[in-house]
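For ligands, and for the atoms within them, numbers begin at 1 and follow the listed sequence.
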Amino acid sequence: MDKKVIYSAMQPSGVPSLGNYLGALKNWKNLQDEFNCIFAMANMHAITVRQDPSELKKNTRNLLALFLAIGIDPKEHIVYVQSDVRAHAEMSWILNCYTYMGELQRMTQFKDKSAKHEDNINAGLFTYPVLMAADILLYQADLVPVGEDQRQHLEITRDIAERFNNIYGDVFTIPEGYIPKVGARIMGLQNPERKMSKSESDNPNNVIYILDDLNNIANKIKRAVTDSDTEVRYGEDKPGISNLLNIYGAVTGKSIEEAEADFKGANYGEFKKCVADAVVEELRPIQERFKEISADKEYLNTVMAEGAERASKIADKTLAKARKKVGFAVR
Ligand code: ATP
Ligand code: LTN
């Protein structure tokens with residue numbers, strides 16, 4: 001039987017954070033044996049906020065090197081740059097005409113990002129979820145591994161797909177989200193009320209970037225905000241400690257209960273040291289491989305070219321189907 005299709009993407013809007021890694025990348029790696037995977041660097045999504053062109057280019061290549069360093073196999077699976085596949089823009093336009101303003105107005109990411117970038121609330125930021133729906137639907141994905149913050153975008157993707165299918169018959173596979181139990185929402189270390197985000201630069205101690213110097217990572221964890229209590233316990237009243245337990249659980253593959261049990265009777269200092277050690281040992285081999293892979297420019301070029309070609313083939317097939325349905329010429 002054919003394997004199911006996994007699709008996910010990440011914006012090359014900076015160096016990925018520990019949140020991106022635990023919420024998404026680590027799971028992508030683990031799903032490779034069981035599924036046919038397609039992973040993209042979503043640079044078309046990234047330009048919904050202002051990017052420096054040379055930085056964007058550099059971040060895109062680095063993100064590819066990082067996907068490979070984490071252990072994604074570009075021979076067995078498909079890894080590509082979103083803007084290399086023209087079908088995304090075209091499908092996105094078609095789907096825009098099957099999406100309601102009211103649906104987009106409800107998106108919390110749009111509300112958050114327009115508050116953050118008041119001077120640049122562009123139409124792309126508003127229709128961002130439609131482009132994301134186009135990404136997913138072009139590849140007829142069954143499962144989409146993402147962090148908790150993308151749940152709403154997955155729901156709108158399903159709604160758009162169902163709406164289109166109801167009019168035209170079975171064009172799109174209806175995708176399901178794949179959101180991990182532990183690690184789906186890593187919060188800032190200094191502000192555990194808000195999610196850790198790679199494009200936030202106000203306070204570098206709030207975010208762990210996965211290519212940060214390892215000593216620096218350990219120090220950021222040791223400086224993380226906790227509370228005036230002494231018990232290592234998960235709870236809404238303890239956002240800082242809960243976040244660290246979540247990080248520890250996601251890195252070690254333990255449940256929150258198992259993570260709590262590991263630190264029964266431990267003080268905050270001991271706890272933080274263990275969390276820091278676990279994160280550092282997880283990231284060390286990734287950083288080493290990243291160094292090697294990112295130096296091999298030719299290899300990265302080949303992977304990008306092959307990825308674009310293989311992805312285009314699949315995407316063009318779905319696009320042709322949708323074009324025909326809406327009454328455009330079949331090319
Ligand atoms: P940006 O800050 O540039 O808006 P981001 O850091 O939120 O980006 P994306 O590139 O939009 O990251 O997301 C990539 C993946 O990482 C998505 O699957 C998203 O759900 C996941 N993710 C992002 N932040 C976190 C977090 N704090 N905890 C868990 N998963 C996260
Ligand atoms: N919007 C996503 C990144 C993204 C994505 C996708 C994720 C773009 N296209 C398709 C899953 C499937 C985000 O994580 N912010």
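- In terms of polar-atom proximity, Ser17 is not counted as a contact of ligand 1, lacking any N or O under 3.5 Å from an N or O of the ligand.
- In terms of polar-atom proximity, defined here as any N/O pair under 3.5 Å, Ala9 makes no such contact with ligand 1.
- Aromatic pair Tyr178/Phe35: centroids not less than 6.0 angstrom apart.
- Considering backbone and side-chain N/O atoms, Ser13 comes within less than 3.5 Å of an N/O atom of ligand 1.
- In this comparison of Asp149, Ile186, Asn27, the heavy atom closest to atom 28 (N) of ligand 1 sits on Ile186.
- Phe172 and Phe328 fall within a single hydrophobic cluster, where Ile, Leu, Val, Met, Phe, Trp and Tyr side chains are chained together by heavy-atom contacts under 4.5 Å.
- Which of Gln11, His45, Lys113 comes nearest to atom 4 (O) of ligand 1 through a heavy atom is settled by distance: it is Lys113.
- Residue Leu131 does not touch ligand 2, judged by heavy-atom distances below 4.0 Å.
- Smallest separation of non-hydrogen atoms from Val171 and Asn165: N-OD1, 3.0 Å.
- Under 4.0 Å from ligand 2, the heavy atoms of Gln11 that appear belong solely to its side chain.
- Distances below 4.0 Å separate heavy atoms of Val144 from the following atoms of ligand 2: 11 (C), 12 (C).
- Each of the atoms 1 (N), 2 (C), 13 (C), 14 (O), 15 (N) of ligand 2 lies under 4.0 Å from some heavy atom of Gln150.
- The heavy atom nearest to atom 25 (C) of ligand 1, out of those in Gly19, Gly14, Gly177, is found in Gly19.
- When non-hydrogen atoms are compared, ligand 1 lies under 4.0 Å from the backbone of Lys198 as well as from its side chain.
- For ligand 2, none of its N or O atoms has an N or O atom of Ser8 under 3.5 Å away.
- Gln32 places a side-chain N or O within 3.5 Å of a backbone atom of Lys29 that can act as its donor or acceptor partner.
- For Asp149, no nitrogen or oxygen atom sits less than 3.5 Å from a nitrogen or oxygen atom of ligand 2, counting backbone and side chain alike.
- Backbone and side-chain nitrogen or oxygen atoms of Ser197 are examined, and one is located within less than 3.5 angstrom of a nitrogen or oxygen of ligand 1.
- Lys325 contributes no side-chain N or O that, together with a main-chain N or O of Gly169, makes up a donor-acceptor pair within less than 3.5 Å.
- Of the polar atoms of Glu148, none of the N or O atoms is found under 3.5 Å from an N or O of ligand 1, judged by distance alone.
- If you look at Ala184 next to ligand 1, the close heavy atoms, those under 4.0 Å, all belong to the backbone.
- Looking at ligand 1, you'll find an N or O of Met196 within less than 3.5 Å of one of its N or O atoms.
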Report task. Before giving the answer on side-chain hydrogen bond (donor to acceptor under 3.5 Å, both in side chains), spell out for Arg61 and Asn301 the whole-Å C-alpha distance, their side-chain angles and the decisive distance to 0.1 Å. Result -> CA-CA 9 Å; Arg61 295 181 71 85; Asn301 287 340; 2.9 Å; yes
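- Under a 4.0 Å heavy-atom criterion, Gly183 is in contact with ligand 1.
- For the residue pair Asp135 and Gln82, a side-chain donor N or O sits within less than 3.5 Å of a side-chain acceptor on the partner.
- Between Tyr128 and ligand 2, at least one pair of N/O atoms sits closer than 3.5 Å.
- Between Gly147 and ligand 1, a contact under 3.5 Å exists for at least one N or O pair.
- Linking Ile, Leu, Val, Met, Phe, Trp and Tyr whenever their side-chain heavy atoms come within less than 4.5 Å leaves Tyr7 and Leu143 in two separate clusters.
- Of all non-hydrogen atoms in Leu189 and Lys220, the two that sit nearest each other are CD1-O, 3.7 Å.
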